[in-house]
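On a predicted model such as this, the values are computed, not experimentally measured, just so you know. All chains are named by letter (A, B, ...) in the order of the sequence lines, taking the proteins before the strands, and each is independently numbered beginning at 1.
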Amino acid sequence: MAQKPSIPKGTRDFSPAEVAKRNYIIQTIKKHFEIYGFQPIETPSFENSETLMGKYGDEGDRLIFKILNSGDFISKVDDVTYSSKNSALLTPKISEKALRYDLTVPFARYVVMHQNEIDFPFKRYQIQPVWRADRPQKGRFREFYQCDADVVGANSLLQEVEFVQLYDAVFTDLGLKGTTIKINNRKILSGIAEVIGAKHLLVDFTVALDKLDKIGEGKVKEEMLEKGISESAIEKARPLFSIAGTASEQLERLRGLLADSEIGMAGVGELDEIISTVENIGLQSAQLQLDVTLARGLNYYTGAIFEVAAPEGVQMGSIGGGGRYDDLTGIFGLKDVSGVGISFGLDRIYLVMEELNLFPDSLDTSLDVLCLNFGEKEGLEALKLVASMRKAGLRADLYPTAAKMQKQFKYADKRGVPYVVLLGEEELKAGAFVVKEMKSGQHKTYALDTAAVFAKDIS
RNA sequence: GUGGUUGUAGCUCAGCUGGUUAGAGCGCUGGAUUGUGGUUCCAGAGGUCGCCGGUUCGAACCCGGUCUUCCACCCCA
């Protein structure tokens, strides 16, 4: 007997019902991307390794799926490297390509390669899978979809405001009420690191700070000490641990804390402008919240940082994130192009919506009407009827064999078909077809040539 | 990458301190019902107990390895 097939850890098959729900989310996101003036692009599933490596930090490099070279790749490795058993040295010799890790870096690469064809500011969206060699958990997969929208070539803070509105628009449309859009600014984090004299440890400082709400003040301090941040520096950062209140109150305290840091004050100014503009315009269902402990590990962010938390009570990591990166294209040789963008985590949004039961019932219906098969002669007539129903825009199908009524009805029931058409000997003689509405059990008769009337009746 | 956890029928799960032919519910197939589904009744099919190895007279059960699931780290959508 053949062995049981399986799929790799952290990957999934999607059933028709699941695909319908995923498409619903994608369509909604796509609709708003386009309403906001973004244009779609697509990039390859895999890139040259040097395009990706080193862009996401050491941790990121570890999580990038590397693709083995083709051919007899091992014989081309020199003996010293081969026998060193050092993965870091050996990897670049046997792997030149890697699966994309996110959509932002490939986009930066795209912008640089196509800079002469692009009209700036360039607003693009991209909905494609990405891969991470992570250990799977709930809401964490090795293959998952990101839905990104970015703008490059525009420095205005209005872009940040627009992205907050975009998040709000999408989540409102999906019926996902009560999301929290957390915002912070990398410059504030830099300013704090500068003020407390830990500028060189910025990343360690922010990564630790990011965990404040999760592990508490004590543990955060512990981790900072471990990373080599001095006791006195942590003491200086103390006000951060208890900062609270409205955005403007928090900003006021930050102004006091960061008075001596030019970059820190710049960050406060930016945040102030973004938040006050959003407050001025108003949001539909989301909530914008200043969170000075929000860090995000990606080290290419330079200005605003976003992260979206699911509604309260749902156990899920962030369902979206993004920020401004002033020099991402610089790595690929194009200077002075600022970008800002956000990402929607499709797979996590799906899980949250499933948990909150937010998918519309209509997604379950994959067929509007099933025509039962009574035999050769009747079947032929039914096929003509089905054709005219399809022409009228209905999703219609004919049961392929003249199986027993019970079986055909059972099939219709299972598929969740709302209407079943009976076209048997009697109907054929009368030049009519009978429609049974499955939910009510009621019958209605139509003339054979009036499929369009029926279509109109049920729409 | 570190630590833990899980795996028995299509699905959800029982299975005693190791002891003959591994069970239930749901689902599936057929029938009661040759033009009416969702209810009911009857019958039936379906399992290398994740995989490999070890201990034992004997392993679903104990041990080791491996894969998978979920969880906590790390990190992140």
Side-chain angles (χ1 to χ4, degrees), chain A residues 1-12 15 25 29 56-64 87-88 101-104 127-148 167 203-204 206-208 210-211 214-215 219 223 294-299 306-310 315-322 341-352 370 372-375 378 399 402-428 433-443:
Chain A
M1 196 174 127
Q3 61 178 6
K4 280 181 188 162
S6 64
I7 55 174
K9 170 168 39 172
T11 65
R12 295 147 302 154
S15 65
I25 298 174
I29 292 173
Y56 310 100
D58 292 342
E59 199 57 38
D61 282 357
R62 199 195 81 203
L63 297 175
I64 291 173
S87 303
Y101 176 87
D102 72 354
L103 299 178
T104 308
I127 298 174
Q128 289 189 278
V130 302
W131 295 270
R132 297 188 185 174
D134 210 350
R135 221 178 249 209
Q137 286 180 32
K138 181 179 181 185
R140 217 168 162 167
F141 309 99
R142 300 217 288 185
E143 177 182 61
F144 62 96
Y145 270 72
Q146 287 192 332
C147 313
D148 275 28
Y167 265 139
V203 173
D204 288 329
T206 53
V207 165
D210 192 45
K211 295 174 192 162
K214 207 169 165 188
I215 63 177
K219 293 262 183 187
E223 181 170 333
L294 174 63
R296 291 184 62 77
L298 296 178
N299 48 23
F306 299 109
E307 190 163 297
V308 184
Q315 208 57 41
M316 183 61 65
S318 58
I319 56 175
I342 57 171
S343 179
F344 289 82
L346 167 67
D347 302 85
R348 287 191 178 175
I349 292 170
Y350 181 102
L351 290 172
V352 170
L370 179 75
L372 301 195
N373 193 325
F374 284 82
E378 297 91 337
Y399 196 89
K404 297 205 314 188
M405 287 299 96
Q406 184 178 224
K407 196 179 163 102
Q408 298 194 45
F409 266 104
K410 244 180 182 167
Y411 176 79
D413 193 41
K414 290 252 180 61
R415 289 255 339 233
V417 183
Y419 298 96
V420 167
V421 162
L422 296 106
L423 209 182
E425 201 179 344
E426 288 172 37
E427 287 79 11
L428 201 55
F433 65 93
V434 170
V435 175
K436 173 169 178 172
E437 190 190 356
M438 293 296 271
K439 216 169 161 188
S440 66
Q442 283 179 340
H443 290 71

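Between A:Lys414 and B:rC28 there is a side-chain N or O to OP1 or OP2 distance below 4.0 Å. OP1 or OP2 of B:rG31 has at least one side-chain nitrogen or oxygen of A:Lys404 nearer than 4.0 Å. For A:Lys436 and B:rU36, the shortest distance from a side-chain N or O to OP1 or OP2 is not below 4.0 Å. Remark: A:Lys407 is in phosphate contact with B:rG30, judged by side-chain N or O atoms under 4.0 Å from OP1 or OP2. For B:rA72, one of the phosphate oxygens OP1 or OP2 lies less than 4.0 angstrom from a side-chain nitrogen or oxygen of A:Gln137. Proximity of A:Lys439 to the phosphate of B:rG38: no side-chain N or O atom is located under 4.0 Å from OP1 or OP2. For B:rU69, the OP1/OP2 oxygens have no side-chain nitrogen or oxygen of A:Lys138 closer than 4.0 Å.
Using a 4.0 Å heavy-atom criterion, one finds that A:Leu422 contacts the bases of the nucleic acid, with or without backbone contacts as well. Nucleic acid contact class of A:Gly57 (heavy atoms, under 4.0 Å, all strands): none. Among the heavy atoms of the strands lying under 4.0 Å from A:Gly139 is at least one base atom, whether or not backbone atoms are also near. Across all strands shown, A:Phe141 has heavy atoms under 4.0 Å from base atoms, whether or not it also approaches the sugar-phosphate. When heavy atoms are screened at a 4.0 angstrom cut-off, A:Gly10 is found touching the sugar-phosphate backbone but no base atom. Using a 4.0 Å heavy-atom distance criterion, A:Gly320 is classed as a sugar-phosphate-only contact. Across all strands shown, A:Ser318 has heavy atoms under 4.0 Å from sugar-phosphate atoms exclusively, and none from any base. Within 4.0 Å of A:Glu425, counting heavy atoms only, lies at least one base atom of the nucleic acid.
Rounded to whole Å, atom P of B:rC75 lies 10 Å from atom CZ of A:Arg62. One can place CD of A:Glu59 at 11 Å from C1' of B:rU2, the figure rounded to the nearest angstrom. One atom, OH of A:Tyr56, and another, C1' of B:rC75, lie 14 Å apart when rounded to the nearest Å. If you measure from atom CE of A:Met438 to atom P of B:rU39, you get 12 Å, rounded to the nearest angstrom. We find that NZ of A:Lys410 is positioned 15 Å from P of B:rU33, with the value rounded to whole Å. Taking atom CG of residue A:Leu351 and atom C1' of nucleotide B:rC76, one finds them 15 Å apart after rounding to whole Å. Protein atom CD of A:Gln442 is 18 Å distant from nucleotide atom P of B:rU36, rounded to whole Å. Between A:Glu223 atom CD and B:rC74 atom C1' there is a gap of 10 Å when expressed in whole angstrom units.
Across B:rG50 and B:rC70, the matching C1' atoms stand 16 Å from one another, rounded to whole Å. For the P atoms, the distance from B:rU69 to B:rU6 is 15 Å, rounded to whole Å. Between B:rA22 and B:rC16, the two P atoms lie 15 Å apart (nearest whole Å). Of the P atoms belonging to B:rG4 and B:rU66, the separation is 13 Å, rounded to the nearest Å. Remark: the separation of the C1' atoms in B:rU48 and B:rG7 is 15 Å, to the nearest Å. Nucleotides B:rA60 and B:rC41 have their P atoms positioned 35 Å apart, rounded to a whole Å. Comparing the same atom, P, in B:rG53 and in B:rA59 gives a spacing of 14 Å after rounding to whole Å. B:rG54 and B:rA14 have their C1' atoms separated by 28 Å, with the value rounded to a whole Å.
Taking CD of A:Glu143 as the reference point, atom CZ of A:Arg132 lies at 13.0 Å (rounded to 0.5 Å).
Within 6.0 Å of atom OH in A:Tyr145, 12 or fewer heavy atoms from other residues, nucleotides or ligands are found, so the atom counts as exposed in its surroundings. Surrounding CD of A:Glu425 are at most 12 heavy atoms belonging to other residues, nucleotides or ligands under 6.0 Å away.
Between A:Tyr167 and A:Phe306, the ring planes lie perpendicular to each other; the angle is over 60°, past the 30° to 60° tilted range.
Picking from B:rG35, B:rC76, B:rC75 the nucleotide with the shortest atom distance to the side chain of A:Arg348 gives B:rC76. Which of B:rU69, B:rU36, B:rC74 sits closest to the side chain of A:Phe409 comes down to B:rU36. Nearest nucleotide to the A:Arg135 side chain, out of B:rC74, B:rG38, B:rU2: B:rU2.
Of the two residues near RNA chain B, A:Gly441 and A:Leu346, the one whose nearest nucleotide lies more 5' is A:Gly441.
Using a 5.5 Å limit on the distance between ring centres and a 30° limit on the angle between planes, the aromatic ring of A:Phe374 does not count as stacked on the six-membered base ring of B:rG35.
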